[in-house]
Amino acid sequence: MSKTFLAIGECMVEMAPNGSGSYVMGFAGDTLNTAWYTRKYLGDDWNVGYYTAVGSDEVSSRMLDFIQGSGIDVSAIRRLEDRTIGLYLIQLTEGERSFAYWRSQSAARCLASDRSALDASLQQAGLIYFSGITLAILPARDRTTFLQALRTARTAGAQVAFDPNLRPGLWEDADTMRTSVTEAAGVCDFVMPSFEDELTHFGDADPNTSAERYLAAGAGMVVVKNGPEDVICARTGDLRAFQPKSVANIVDTTAAGDSFNAAFLAEYLSSENVEAAVAAGAGLAGKVIQHRGALVECLQPA
Ligand code: ADP
């Protein structure tokens, strides 16, 4: 297996209030969060890359500098002349966070519009990681292209991991979301949903039902996260539950699932031990949620 982990999706400018009336600029996105944590967990013998499309402007360059500065390979990222990157603003009202987005014309929406560029980036990868947000932002025809490219990469030996990250507001409608996510699960070795999303948008009775549904769609392994409750790891005919360690002092659950996925996959790629992989995933997520923000520095592997 090629020792390249490639995450694919959208990274945006984040404007976060600093508490005194102005905003601090950062960069974030679900798939980037996972790449960022994976870089910390995988050994130096692994290359961790990110694939997306950005603009040719200054803010896009700053984002690439940020990603590269965290040790992630940005060499395959497409640069477009006529677009720039998306942006979101965090609003705090009486301590509650809400988000305003400017992403409908973002460059990342074009990430699958050039099949040969996509194929070239996938060719290097041993493990390809993407999410339901990656799919949601693509025009419908590019979703088909994207899944075809994944099938080709898989035939050539790559493994594929997917977090459905169900966000109906990003899709044209909820039925399209459910159909596309189910089709995507069928080209994946690992499907890593959060039960809360699956309950809300698929109406699953319990996490085992989510696992069985994605296995029936063709997933190789399904890992269902459920906050403090058991993590379910299922393959056809083999379903196991693992209790994550309890966590005191939860400050901010942003990126719990993204960081879990990173440490789970990094551990599983080296040991193929599901129990150790859940312990690594839950160990990292448990630390991340004790801090504010998506990207928490100075976390040693569990
Ligand atoms: P998401 O962020 O995608 O909604 P979850 O909330 O299901 O994901 O959490 C992902 C993982 O983070 C869980 O499997 C668990 O390991 C850890 N986690 C999240 N919330 C808690 C919590 N309250 N106590 C302990 N672990 C938690």
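Start at 1 and go down the list; that is how both ligands and their atoms are numbered. Sequential numbering from 1 along the given sequence is applied to the chain's residues. Computed from a prediction, not measured in an experiment: that's the story for all the values here.
Between F190 and Y268, the gap from one ring centroid to the other is short of 6.0 Å.
If you look at N226 next to ligand 1, the close heavy atoms, those under 4.0 Å, all belong to the backbone. The side chain of I250, and not its backbone, has at least one atom closer than 4.0 Å to an atom of ligand 1 (non-hydrogen atoms only; side chain from C-beta on). Heavy atoms of A282 found under 4.0 angstrom from ligand 1 belong to the backbone as well as the side chain. Residue contacts with ligand 1, taken as heavy atom pairs separated by less than 4.0 Å, involve P244 solely via side-chain atoms from C-beta onward.
Ligand 1 does not have G286 within reach: every non-hydrogen atom of the residue lies 4.0 Å or more from it.
Summary of contacts: the protein heavy atom closest to atom 4 (O) of ligand 1 is S194 OG, 3.5 Å. Protein heavy atom at the shortest distance from atom 2 (O) of ligand 1 is G257 N, 3.0 Å. Counting protein heavy atoms only, atom 25 (C) of ligand 1 is closest to V247 CG2, 3.5 Å. From the protein, the heavy atom lying nearest to atom 17 (C) of ligand 1 is A285 CB, 3.8 Å. With hydrogens left out, the protein atom closest to atom 24 (N) of ligand 1 is P228 CB, 3.5 Å, a heavy atom.
With rounding to the nearest 0.5 angstrom, the CD1 atom of I137 is 6.0 Å from the CZ atom of R109.
Atom CD of Q91 is surrounded by more than 12 heavy atoms from other residues, nucleotides or ligands within 6.0 Å.
In the model, S2 has no side-chain atom that pairs as donor or acceptor with a side-chain atom of Q124 under 3.5 Å. Residues S113 and D142 bring no donor and acceptor atom of their side chains to less than 3.5 Å of each other.
Under the 30°/60° scheme for interplanar angles, the aromatic rings of F162 and F130 are found to lie parallel.
Listed by chain and number, the residues in a ring-ring contact (aromatic ring centres under 6.0 Å, His included) with F202 amount to none (sequence neighbours excluded).
The N/O atoms of G227, backbone and side chain alike, include one that comes under 3.5 Å of an N/O atom in ligand 1. Residue-to-ligand polar distances keep E196 apart from ligand 1: every N/O pair is separated by 3.5 Å or more.
Salt bridge status for K40 with E297: present, with a side-chain N to carboxylate O gap under 4.0 Å.
Atoms of ligand 1 found under 4.0 Å from any heavy atom of V231 (numbered from 1 in listed order, with element): 14 (O).
For the pair S180 (side chain) and M177 (backbone), a donor-acceptor distance under 3.5 Å is absent.
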